[in-house]
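This report refers to the structure that appears directly beneath it.
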Amino acid sequence: MKKNALSITREDDFAGWYQQVIAEADLAEESGVRGCMIMRPWGYGIWERVQYLMDQRIKATGHENCYFPLFIPLSYFAKEAEHVDGFAKEMAVVTHHRLMKDGNDLIVDPDAKLEEPLVVRPTSETVIGTAFSRWVQSWRDLPVMINQWANVVRWEMRTRMFLRTSEFLWQEGHTAHASKAEAMEETLNILEMYRSFSEDVLAMPVVAGEKPENERFPGADATYSIEAMMQDGKALQAGTSHFLGQTFSKAQNIRYQDKDGEFQFAYTTSWGVSTRLIGGVIMTHGDDDGMRVPPLVAPYQVVIVPMLRDKPEDEAVLDYCKALAKDIAKLRAFDEPVRVKLDISGAKTQTKRWSWIKKGAPVILEIGPRDMAENKVAMIRRDALYQDSGKLDTKFLAKAEFVPEIPALLSDIQTSMHTEANERLAANVKRGVEHWSDVERFYAAKKKYPGWLEVQWCKATGEELEAIEERLKQLKLTFRNVPEDAAAADGKCIFTGKPAVERIIIGKAY
RNA sequence: CGGGAAGUAGCUCAGUCUGGUAGAGUACUGCGUUCGGGACGCAGGGGCCGGAGGUUCGAAUCCUCUCUUCCCGACCA
């Protein structure tokens, strides 16, 4: 009788399942501070892998890391109106710098008020732009291409672990360029970097494309995103790249003299991915037994669970496992040493096994006295847990033959996780819907996970776009993006009946 | 930020209506029996009942405020 590791299935209660995965896989937990979470080692370890692999790509494309302050003077924000409007409602503000005793209570000292309040950065365009205005004087100073790994705070009304937390971790890249074309090229290069990172590293298929006007970053001329499809058919904006035009350079005076000695405003970009990616990985790859971590970002790719039973032979089993771990650690997969963990904690074998299944370690090896005697390993592959009968599919393999195959196995798991997710995405984007009534019917149907529609539209702007947005909102839908690889439009706008300009994805979103 | 629900042992929850010695399952610790697939028996440790006020001889229980979480909505690079 098959019994899953989690008590809530995706089918029954996707939101509850998501929370249970996070708790049972030791990814993160509540902190007692509204909207802020404690990232536990397994969850943070995944983020460290994202950081490590993304950082390499960021540097390989000519960017350098630096660090800007957490606190931003309020006045910096006032310079760009649209940007302020976008963030004003969710800003944490520091107004005092000292506490004092009031009887037994500790209170804010009213005499310690700051002359100018400091906001906790919700993003760093303003403070980085201010630095850019000093750094950029001549055409020779361009381009400036920097990145920072940091935490940011947005005082969200409704939070969900990893997907929308008040404080989150991210990288934010900021660049300034002499020409519009170069800045646009940068914006699109980064979009492609995010797309390939998501597909190749996270095994999370995405649709890369441009956001419509109403979904742009506050102050941006154009916003591009990668959109991933979660197992409930909802979209997750997993990364954004913004072409900021000259909006910020004009607001912050990022100006240079060109070769003719004329003053020109630079063109800037900004782009980021955050710990939200981990939420995406959970909802892309998780199953009813918990998390499944793609090998490239798994803190441990192979976990060895010795079967210890308080008997004299334990020591020999442990030695066998240590030697096995040592052999595996010498291997290389994906151009890195294989990350192997020997779990010598005192918990019972079964407890340990199910704990690593729930955490989603790609390969779990159980080693008992019999395996040792026969020079074998008992291998569980997390992405193919069960036999058809519903029993755990534990494979007993000759150690000498199995160990050298580990890099290929990890690679195979990575690929098959991507393939599985990719098939789901492909199967759940519906094209060819031409009438609004069909959209209503599609999303009104009791189907639990309807997925996305790709429709033709007239690329409305202004009030016309607002009206369309309102219609979508009735069905709890939003525009996701205009896929860069979508076919050219050849029909009518599904909203207005005008000639269509492009194809755009609509769906429910996180 | 509006509407709803909830906070009691590490976890899941009962007890609250009708105030009177703090409960269960699970997890944990010990001993014993098991031992290749989430074992069983016995014994044991663990909670000022989210926090602060109030009512009362007496509060997990009633009242007020507050914090946190979850669901729905609004909002959301």
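To find a chain, count down the sequence lines: A is the first, B the second, and so on, and within it residues start at 1.
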Q: For S31(A) and C36(A), indicate whether the former's side chain and the latter's backbone hold a donor-acceptor pair under 3.5 Å.
A: yes
Q: Would you check if the side chain of E172(A) reaches a backbone N or O of G272(A) as a donor-acceptor pair within less than 3.5 Å?
A: no
(Q) What's R34(A) touching, base or sugar-phosphate or nothing? Going by heavy atoms closer than 4.0 Å. (A) sugar-phosphate
Q: Report yes if the side chains of R164(A) and R276(A) come closer than 4.5 Å at any heavy-atom pair, otherwise no.
A: yes
Q | Any residue meeting salt bridge (charged side-chain N to carboxylate O under 4.0 Å, His left out) with E374(A), in chain and number order, not counting sequence neighbours | A | K376(A)
Q | rC63(B) to rU56(B) separation - P atoms, rounded to the nearest Å | A | 16 Å
Q: Test the K322(A)-Y320(A) pair against the cation-pi criterion, namely NZ or CZ under 6.0 angstrom from the six-membered ring centroid and within 45° of the ring axis.
A: no
Q) With both distances kept under 3.5 Å, what pairs with rA5(B), Watson-Crick or G-U wobble? A) rU69(B)
Q: Check the distance between rC11(B)'s C1' and E24(A)'s CD and give it to me in whole angstrom.
A: 9 Å
(Q) Between rA59(B) and rG51(B), how many Å separate the two P atoms, rounded to a whole number? (A) 15 Å
Q) Quantified in whole Å, what is the P atom distance between nucleotide rU26(B) and nucleotide rC42(B)? A) 11 Å
Q: Tell me whether the centres of the aromatic rings in F495(A) and F479(A) are closer together than 6.0 Å.
A: yes
Q: For nucleotides rU34(B) and rA5(B), find the distance between their C1' atoms and express it as a whole number of Å.
A: 45 Å
Q: Return the set of residues passing ring-ring contact (aromatic ring centres under 6.0 Å, His included) with W170(A) (not counting sequence neighbours), or none when no residue passes.
A: F168(A)
Q.
Regarding R10(A) and D288(A), does a basic nitrogen lie under 4.0 Å from an acidic carboxylate oxygen?
A. yes
Q. Tell me: CE of M161(A) to P of rC70(B), nearest whole Å?
A. 7 Å
(Q) Partner lookup for rC48(B), please. Criteria are Watson-Crick or G-U wobble with both distances under 3.5 angstrom; report none if nothing qualifies. (A) none
Q. Under a 3.5 Å cut-off for both distances, is rA14(B) Watson-Crick or wobble paired, and to whom?
A. none
Q: Grab the CD1-P distance between I8(A) and rU12(B) for me, whole Å please.
A: 10 Å
(Q) Whole angstroms only, please: what is the NZ-P distance between K391(A) and rG38(B)? (A) 10 Å
Q.
In whole Å, I'd like the distance from the CD1 atom of I380(A) to the P atom of rG38(B).
A. 12 Å
Q | Any strand: nucleotide that pairs with rU29(B) via Watson-Crick or wobble, under 3.5 Å | A | rA43(B)
Q.
Can you check the distance between rG73(B) and rU29(B), where both ends of the measurement are the C1' atom (answer in whole Å)?
A. 48 Å
Q. Relative to the 5' end of RNA chain B, which residue comes earlier, E366(A) or F217(A), by the nucleotide with the nearest heavy atom?
A. E366(A)
Q | Distance between C1' atoms of rA6(B) and rU16(B) (Å, rounded) | A | 14 Å
**Q.** Pairing partner (Watson-Crick or G-U wobble, both distances under 3.5 angstrom) of rU55(B)
**A.** none
Q) Whom does rG36(B) pair with, Watson-Crick or G-U wobble, provided both distances fall under 3.5 Å? A) none
Q.
Testing the 3.5 Å rule here: is there a donor-acceptor pair between the side chains of W17(A) and D12(A)?
A. no
(Q) Between rU55(B) and rG47(B), how far apart are the two P atoms, rounded to whole Å? (A) 30 Å
Between the protein and nucleotides 71-76 of chain B, which nitrogen or oxygen pairs come in under 3.5 angstrom?
residue, atom, partner, partner atom, Å
rC71(B), OP1, Q19(A), OE1, 3.3
rC72(B), OP2, R158(A), NH2, 2.3
rG73(B), OP1, K476(A), NZ, 2.0
rC75(B), OP1, K473(A), NZ, 3.2
rC75(B), OP2, K473(A), NZ, 3.1
rC76(B), O2, R164(A), NE, 2.9
rC76(B), O2, R164(A), NH1, 3.1
rC76(B), O2, R164(A), NH2, 2.4

Q. Heavy atoms under 4.0 Å, any strand shown: does G239(A) hit a base, just sugar-phosphate, or nothing?
A. nothing
(Q) Does W155(A) reach a base, just sugar-phosphate, or nothing at all? Heavy atoms under 4.0 Å. (A) nothing
Q. Paired with rA74(B) by Watson-Crick or G-U wobble geometry, both distances under 3.5 Å: which nucleotide is it?
A. none
Q: Take atom CD of Q20(A) and atom C1' of rU69(B), then tell me their distance rounded to the nearest Å.
A: 16 Å
(Q) Tell me the interatomic distance from D26(A), atom CG, to rC11(B), atom P, rounded to whole angstroms. (A) 13 Å
Q) Please give, in whole Å, the distance from rC70(B) P to D13(A) CG? A) 13 Å
Q.
Please give the distance between the P atoms of rA52(B) and rU61(B) as a whole number of Å.
A. 12 Å
